[in-house]
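Residues: numbered from 1 along the sequence shown. As the structure lists them, so they are numbered: ligands from 1, and atoms in each ligand from 1.
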Amino acid sequence: MVPWALLLCVPLVATTSAIAKVPAVSKTLGVAPDLLKKYTPTKAGTWKCLDGSKEIPWEFVNDDSCDCVDGSDEPGTGACPDTQFYCKNEGHIGSFIPSSRVKDGLCEVQCCDGSDETSGICPNNCKEIGEEYRKKLNAENKLRKTGSKIRSSYITFAHKEKKRLEADVAKLAEDIIVKEKEVERLRDVAERTESLSQAALEQKKQSPLYQSLITHNKALKALQDEYKKQLQRDKDLSSILTSLRTGYNPNYQDMAVLEAVRGWEELAGLPHINDVGKDKAKDDEKKEDAVVLKDVESKDGEVEDEDEDVWTKERLDKDLDGLLNTDHVSLLLSHDEHANEPFHDSLLFELSNYLPDSLLPTYEEFKDQLTSFLSKLGIIRSSGSDSANAEANRARQALTEAEGELRRFKMESADSTRDLEKIFQPDGFGKDGEWRKLKDMCLNVESGDYTYEVCFFNEVKQKPNSGGQEFSLGRFSTWDPDLSTDSPKYHRKQVYRHGTRCWNGPERSTVLLLECGLENVLHTVQELEKCEYQITGTSPALCLPLEGENGKKPKHEEL
Ligand code: MAN
């Protein structure tokens with residue numbers, strides 16, 4: 001409530017201000033057009049604040065003194081806080097400014113009629129500005145009109161695409177069912193053929209040759225184990241005797257010990273322990289003897305080594321393990337293959353050598369049929385390496401191929417389903433599907449040393465014009481991440497992220513800024529920060545139909 005003493009002062013202040021500085025302003029100055037009819041006095045010469053909270057004398061409206069709680073009594077002055085002033089801007093478009101800027105001595109650009117300041121301070125430029133604005137608007141509208149026709153052809157394309165994708169998905173669903181059955185059948189065939197070939201293998205393993213080979217192998221393995229044990233035993237024994245030789249006390253004259261030491265020295269080719277170091281000449285003589293002994297041994301060895309099949313001690317150490325680990329099943333199959341190979345000692349009886357080329361295919365076919373028939377009757381053995389194995393391989397291969405095709409069908413179906421979901425999504429190809437046309441479309445623009453390639457919804461690339469490394473400037477990530485999907489500007493920005501990493505910096509990324517234009521074209525490229533690129537361009541997909549077209553009502557214009 002305003003204190004009564006203050007109320008008494010109000011007419012005085014108002015009168016004083018009216019006389020001294022502020023020329024009386026229109027009661028509707030600064031009132032928005034839709035509120036104008038509310039600014040009329042009652043018959044009693046009063047007026048109600050817009051929030052209905054208070055009734056004041058009509059003179060108090062726009063008197064530069066705030067009376068209403070909602071500030072509605074001062075639309076044309078800056079007297080009430082947090083209120084808006086409306087500039088009519090006749091000849092152009094009306095606009096609001098915060099009331100605090102009214103009569104602050106500055107001409108607001110939004111008020112081209114200068115109504116925000118006392119008359120005479122700011123010029124009224126609305127006519128020229130309005131004309132300029134309308135010219136620009138007309139040009140833009142013309143562009144939008146033509147562009148929106150192209151855009152609607154894009155929408156038609158999207159609807160066709162939708163149908164095509166739906167048909168694809170339906171067809172693929174059928175193909176998948178058929179392929180799944182085929183895979184199931186081929187798996188069954190492969191498993192059965194493999195078990196047959198397993199049975200055939202088991203049967204081959206019963207061959208006396210194979211059985212004997214396995215027995216030999218086992219015996220050889222046992223022998224190797226024994227041989228290793230023996231070597232270890234020799235080593236232990238030699239170390240015992242060596243300790244005895246160096247540690248016994250010759251003063252005890254124990255003949256049994258002396259005999260054992262002498263025996264060991266002789267066997268190992270060592271000098272007698274008492275002579276070691278005493279008589280160098282004798283040592284040398286002994287050494288020479290030992291060399292002679294070695295020579296004889298090695299000569300014997302040489303004689304034996306000449307025969308490659310002889311297993312020397314070294315060869316036993318080196319190759320025996322390999323021999324024992326032979327894959328006997330492979331060996332058996334190779335043997336079988338070898339044994340079944342037809343024996344050719346002369347070309348004389350190869351009939352195909354005498355046939356003209358034109359008859360060869362018929363001959364081969366007839367031969368295959370005949371051999372298969374005879375083999376079924378058990379008259380001849382089936383030819384080829386191991387028919388059961390070959391059959392199993394073929395069956396497994398057919399299965400693998402069918403599985404691969406099934407995977408491909410499923411992937412294609414998943415891709416088409418995903419595309420189908422996105423086709424009329426605002427964050428996909430737009431609510432009307434207008435961006436679908438640009439999927440897989442690539443545009444280029446040259447700038448500096450590079451050509452920049454934008455493949456919509458895919459990737460942006462930087463290609464050096466005079467050779468060198470090409471960089472990815474990011475893969476499509478999102479439409480404008482700062483706006484909601486229903487914002488009219490949402491599709492004016494695309495962001496491409498996670499490109500090639502910058503040397504000592506971030507991964508390269510690109511922002512693509514688009515406007516309505518009659519063509520899909522790129523205009524400029526800037527590297528705003530290191531490895532952060534901005535590309536501008538136009539697309540008809542952004543040319544929305546004019547308000548009033550397509551059944552939409554034109555909206556009231558406001559700046
Ligand atoms: C390349 C280009 C440039 C980028 C540097 C960063 O030369 O991708 O655009 O600024 O690498 O090292």
Worksheet entry | Ring-face cation contact, Phe457 with Lys439, 6.0 Å cut, 45° max |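 No, Lys439 does not sit over the ring of Phe457.
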Practice prompt. Test the Arg436-Tyr154 pair against the cation-pi criterion, namely NZ or CZ under 6.0 angstrom from the six-membered ring centroid and within 45° of the ring axis.
Written response: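 Here Arg436 fails the 6.0 Å and 45° test against Tyr154.
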Worksheet item: Which heavy atom of the protein is the closest neighbour of atom 10 (O) of ligand 1, given with residue, atom name and distance?
Response: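 Heavy-atom neighbour on the protein nearest atom 10 (O) of ligand 1: Glu527 OE2, 2.7 Å.
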Discussion item. I'd like to know if Asp486 and Lys431 make a salt bridge, using a cut-off of under 4.0 Å between side-chain N and carboxylate O.
Written reply: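 Looking at Lys431 together with Asp486, the answer is no, because their closest N to O distance does not fall below 4.0 Å.
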Worksheet entry | Glu391 and Arg394 ion-paired at < 4.0 Å |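 Judged by the 4.0 Å cut-off on N to carboxylate O distance, Glu391 and Arg394 do form a salt bridge.
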Worksheet item: Just checking, is any N or O donor in the side chain of Thr400 or Glu403 under 3.5 Å from an acceptor N or O on the other one?
Response: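 No, no side-chain donor-acceptor pair sits under 3.5 Å.
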Discussion item. Can you see whether Asp427 engages Thr485 through a side-chain donor-acceptor pair at a distance of less than 3.5 angstrom?
Written reply: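 Looking only at side-chain atoms, Thr485 and Asp427 do not form any donor-acceptor pair under 3.5 Å.
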What atoms of ligand 1 come closer than 4.0 angstrom to any heavy atom of [X]?
X      : answer
Phe471 : 1 (C), 8 (O)
Tyr450 : 1 (C), 2 (C), 7 (O)
Lys530 : 6 (C), 12 (O)
Cys502 : 6 (C)
Cys531 : 6 (C)

Item to complete: With heavy atoms only and a cut-off of under 4.0 Å, state how Tyr533 meets ligand 1: side chain, backbone, both or neither.
Response: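 Just the side chain.
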Worksheet item: Where is the tightest heavy-atom contact between Glu117 and Gly105, given as atom of each residue plus distance?
Response: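 Here Glu117 and Gly105 meet closest at OE1-N, 2.8 Å.
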Worksheet item: If you measure from atom 8 (O) of ligand 1 to every heavy atom of Gln469, Glu529, Gln462, which option wins on shortest distance?
Response: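 It is Gln462 that holds the nearest heavy atom.
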Discussion item. Please check whether Arg508 reaches ligand 1 - meaning an N/O of the residue sits under 3.5 Å from an N/O of the ligand, judged on distance alone.
Written reply: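 Yes; at least one N/O pair falls below 3.5 Å.
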